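Remarks on the structure that follows.
Note that the numbering runs from 1 along the sequence shown for the chain. All values below come from the heavy atoms of this structure, side chains included, with hydrogens, waters and symmetry mates left out. The structure presented is a predicted model; accordingly, all values stated were derived computationally and were not measured. Note that ligands are numbered from 1 as they come in the structure, with each ligand's atoms numbered from 1 the same way.
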Amino acid sequence: MSSFQRLIADHAPTAADLRNRRWIYIPYDRFTDRTGPLTEQSVQETGIVIVESTAKALRRPYHKKKLVVLISNMRHFALEQAEKGVSVLYHFSPESHGAALLHLQRKMQLPKLVCMTPAERELRLDLAQAIHDGLNLEFVTDTTWASQTDDFTKVYGGFKPGKAYVMDRFYRHMRQQTGILMHGGKPVGGKFSFDAENRSPYKGDVPVPRLPEFQPDAITQEVIAFVEQNYAHHFGTTAGFNLPCTQQDADTFWRFFLAHALEHFGRFEDAMRDDELQLFHSKTSVLLNLGRLLAMDLIRDAAAATDDSVVPMASAEGFIRQLLGWREFMRHLHEQTDGYRLLTGHVPQEQSNRPQEISPDQTTAAARAYPDNPFKGASPSALGASLPLPAVYWGAKSGLHCMDTVVAQVIDEGWSHHITRLMVLSNLATLCGFSPRELTDWFWFAYVDAYDWVVEPNVLGMATYADGGLTATKPYVSGAAYINRMSNFCGHCRYDPKKSVGEDSCPFTALYWTFLERNQAVLGHNFRMQMPYTTLRRKQPEELVQLRARAAQAIEQLQSLARPAYATDAEAATSKSHPAAEPQPKPRQAKPGRR
Ligand SMILES: Cc1cc2nc3c(=O)[nH]c(=O)nc-3n(C[C@H](O)[C@H](O)[C@H](O)COP(=O)(O)OP(=O)(O)OC[C@H]3O[C@@H](n4cnc5c(N)ncnc54)[C@H](O)[C@@H]3O)c2cc1C
């Protein structure tokens with residue numbers, strides 16, 4: 001028995017606890033008692049159920065650090081609640097969350113459970129099936145969000161497939177609705193967005209603060225050993241794990257960013273460096289998406305930080321826009337489109353025989369209830385992209401310094417900042433025509449902050465334009481010039497960003513022009529693409545021939561890279577193996593005097 005199990009066993013419910021307390025199911029991404037059902041009665045009247053499911057961990061070869069941060073926060077949250085006097089039923093199970101809850105409820109005669117409506121579509125489906133099979137569980141509003149479905153409906157009048165949704169409208173509504181950075185009904189500083197001021201490259205202008213690092217305590221060390229033993233075939237590494245796993249550490253992490261990095265966040269938001277991989281980004285996504293930090297708290301803190309004039313408006317507003325705008329907007333789009341399944345019939349589906357997602361054999365009952373496997377990821381491909389994702393995403397060296405650096409960072413940390421995700425990893429995939437679904441699945445397992453509601457809109461929508469323009473008004477693509485302007489990558493690369501043809505030219509540029517040429521029918525009339533198309537039309541036929549040859553050579557070279565052995569092992573093993581779940585602690589005998 002692990003030391004966590006020994007500790008938590010002391011707080012397992014008595015028969016009286018089971019009868020008399022209100023029982024709340026805590027999903028794997030809602031570790032908060034600052035909002036929601038946990039705030040609605042005293043701790044002595046509260047019981048929580050937490051499921052640690054190996055079936056879920058095996059759905060994809062999730063980054064080992066993601067498993068560690070999630071499981072360790074889960075175990076610490078259970079102990080924190082237990083310390084406060086909450087009765088905790090912590091259940092280890094080889095099954096999916098829904099099946100595990102159903103069996104647990106029957107076995108322990110648990111009364112009705114309540115739970116905040118899960119953020120992940122996957123979990124909603126899984127629980128819906130369990131409810132259908134007899135689980136007594138009621139969903140209540142998830143108050144960790146800064147907005148609700150009503151807000152989306154008010155702004156856009158509902159969802160219609162085929163319509164384009166501009167985030168800015170939603171963001172303005174949310175500013176009005178919350179009063180954040182508003183004065184007398186007008187935006188503070190005279191405008192809603194200061195984005196135009198936030199595009200500087202970073203040249204060592206001000207020192208980059210080092211975010212606090214948290215040495216694994218005994219509980220986290222146990223989780224690391226558990227992950228290494230049971231999920232050895234997964235992506236990435238546990239080495240150097242230093243993320244917050246307690247509420248106190250999560251708060252310390254946030255307050256450090258607020259005091260030391262927010263000031264410069266805006267100005268260098270789009271910058272990239274090979275020697276400062278994080279720059280002034282907050283790295284809060286992992287904690288926000290686990291419920292450890294709440295978006296509205298961060299938004300209020302960031303707005304208040306402008307009061308003393310140390311934090312410029314452009315920084316605070318830029319940060320707030322990411323949370324109050326993009327984060328909320330993305331999750332509404334995901335919900336409204338049922339995970340990007342409800343797009344117009346004009347958006348072609350990717351034609352590919354490759355498996356798109358590992359089949360969830362643990363949830364076959366749910367799968368039977370739908371004509372198609374409901375867990376299979378949506379595969380829109382408005383630009384007809386379908387080439388297999390090459391081995392460079394698994395760490396095979398491509399010689400492109402930007403790609404090799406960012407992929408190495410992802411293998412190491414399970415994280416990279418927004419612009420490297422968008423303008424390096426996804427840019428290359430979009431320009432080459434790699435499968436948007438495969439890219440989505442890669443982001444999903446490779447990043448510590450990835451969940452379906454956020455990774456699918458970002459990759460299928462914002463990054464690859466696979467949804468045909470629902471999420472972004474144009475594809476986010478660029479040649480080498482942008483990467484060279486915004487980073488120091490090109491200075492350390494074997495390819496020349498100033499050349500567009502020839503063996504030593506940076507392939508991003510040739511790929512960019514051939515991407516535009518290849519997609520002229522779909523993108524040529526896009527108002528926001530007129531400038532590059534005008535330049536493309538002025539190119540001489542001989543230059544176009546050379547650009548096509550350079551682009552084809554680059555794609556061929558990327559496709560020829562061999563996948564590291566572990567990449568194939570990870571995919572194969574994930575759908576088959578089921579490490580034994582840790583044994584379930586026995587129900588505790590009532591102690592005299594305990595309510
Ligand atoms: C291809 C691609 C894949 C992405 N996948 C994910 C993902 O799996 N999970 C995830 O949380 N974010 C994802 N994002 C959005 C964004 O890149 C990350 O939220 C951000 O980089 C996280 O780092 P940070 O906390 O330092 O963010 P900061 O730069 O400090 O920004 C602050 C916060 O704003 C929010 N935010 C900013 N942009 C977005 C956005 N586009 N969508 C949703 N929230 C946003 C995040 O919660 C973030 O923590 C993705 C973006 C792209 C382009």
**OP:** Heavy-atom contacts with V455 under 4.0 Å: which atoms of ligand 1 show up? List them by number with element.
**Re:** 8 (O)
**OP:** Using a strict 4.0 Å threshold on nitrogen-to-oxygen distance, state whether R421 and D449 make a salt bridge.
**Re:** yes
Original post:
Which residue and non-hydrogen atom of the protein lie closest to atom 1 (C) of ligand 1, and at what distance in Å?
Top reply: S426 OG, 3.3 Å
Original post:
Purely on distance, is any nitrogen or oxygen of N289 under 3.5 Å from one on ligand 1?
Top reply: yes
**OP:** Start with the C-alpha distance between Y165 and F159, add both sets of side-chain angles, then the distance that settles ring pair (Phe, Tyr, Trp, His ring centres under 6.0 Å), and finish with yes or no.
**Re:** CA-CA 9 Å; Y165 293 83; F159 175 76; 5.6 Å; yes
Original post:
Is ligand 1 under 4.0 Å from a heavy atom in the side chain of H417, in the backbone, in both, or in neither?
Top reply: backbone
Subject >> For atom 44 (N) of ligand 1, the option (of R421, E328, R327) bearing the nearest heavy atom >> reply: R327
**OP:** State whether E120 and K56 are salt-bridged, where the test is any N-O pair (Lys NZ or Arg NE/NH1/NH2 against Asp/Glu carboxylate O) under 4.0 Å.
**Re:** yes
Subject >> Sub-4.0 Å heavy-atom contact, F319 with ligand 1 >> reply: yes
Original post:
How are the rings of H334 and Y340 set relative to one another: parallel (under 30°), tilted (30 to 60°) or perpendicular (over 60°)?
Top reply: tilted
Original post:
Which is it for F443 and ligand 1 at heavy atoms under 4.0 Å: side chain, backbone, both or neither?
Top reply: side chain
Original post:
Among P457, S285, A261, which one has a heavy atom closest to atom 49 (O) of ligand 1?
Top reply: S285
Original post:
With under 30° as parallel and over 60° as perpendicular, where do the rings of Y156 and F329 fit, or are they tilted in between?
Top reply: tilted
Original post:
Considering distance alone, does some N or O of W415 sit under 3.5 Å from an N or O of ligand 1?
Top reply: yes
Subject >> Per-atom contacts of ligand 1 with M330, taking only distances under 4.0 Å to non-hydrogen atoms >> reply: 42 (N)
**OP:** Assess whether ring pair (Phe, Tyr, Trp, His ring centres under 6.0 Å) is satisfied between W254 and F319, documenting all intermediate values.
**Re:** CA-CA 13 Å; W254 162 243; F319 187 79; 5.7 Å; yes
Original post:
With a 4.5 Å heavy-atom cut-off, do F445 and K66 have their side chains touching?
Top reply: no
**OP:** Starting from atom 29 (O) of ligand 1, find the nearest protein heavy-atom neighbour and note its residue, name and distance.
**Re:** H281 ND1, 2.7 Å
**OP:** Identify, for atom 41 (N) of ligand 1, the protein heavy atom at the shortest distance, and state residue, atom and that distance.
**Re:** N458 OD1, 2.9 Å
Original post:
If hydrogens are left out, which of V448, V454, L262, T471 has an atom nearest to atom 12 (N) of ligand 1, that is, the closest non-hydrogen atom?
Top reply: V454
Original post:
Between P27 and M116, is any pair of side-chain heavy atoms under 4.5 Å apart?
Top reply: no
Subject >> Parallel, tilted or perpendicular: rings of Y202 and F268 (30°, 60°) >> reply: perpendicular
Subject >> Numbered atoms and elements of ligand 1 in range of F265, under 4.0 angstrom, heavy atoms >> reply: 28 (P), 29 (O), 30 (O)
**OP:** Measure up the F434 and Y393 rings against each other and bin them: parallel (under 30°), tilted (30 to 60°), perpendicular (over 60°).
**Re:** perpendicular
**OP:** Return a yes/no value for H418: is any of its N or O atoms, backbone included, closer than 3.5 angstrom to an N or O of ligand 1?
**Re:** yes
**OP:** Dump the intermediate steps for ring pair (Phe, Tyr, Trp, His ring centres under 6.0 Å) on F170 and H332, then the final yes or no.
**Re:** CA-CA 10 Å; F170 179 78; H332 286 304; 5.5 Å; yes
Subject >> Nearest non-hydrogen protein atom, atom 30 (O) of ligand 1 >> reply: S282 OG, 2.6 Å
Original post:
Is it true that E269 and R199 make a salt bridge, defined as a side-chain N closer than 4.0 Å to a carboxylate O?
Top reply: no
**OP:** Could you check whether the rings of W453 and W145 sit parallel, tilted or perpendicular, using 30° and 60° as the cut-offs?
**Re:** perpendicular
Subject >> E122 with R59: basic N within carboxylate O range, under 4.0 Å >> reply: yes
**OP:** If you have a sec, work out which protein heavy atom is nearest atom 24 (P) of ligand 1 and how many Å separate them, to one decimal?
**Re:** K283 N, 3.4 Å
Subject >> Distance from atom 33 (C) of ligand 1 to nearest protein heavy atom, with residue and atom >> reply: L323 CD2, 3.9 Å
Subject >> L288 neighbourhood, listing ligand 1 atoms whose heavy-atom distance to it stays under 4.0 Å >> reply: 47 (O), 49 (O)
Original post:
Heavy atom under 4.0 Å from ligand 1: found in T284's side chain, backbone, both, or neither?
Top reply: both
**OP:** For atom 39 (C) of ligand 1, grab the closest protein heavy atom and report residue, atom and distance to one decimal in Å.
**Re:** W326 CB, 3.9 Å
**OP:** Give the residue, atom name and distance (to 0.1 Å) of the protein heavy atom nearest atom 36 (N) of ligand 1.
**Re:** Q322 O, 3.7 Å
**OP:** May I ask whether F257 has any heavy atom positioned less than 4.0 angstrom from an atom of ligand 1?
**Re:** no
**OP:** Could you list which atoms of ligand 1 come closer than 4.0 Å to a heavy atom of A463?
**Re:** 1 (C)
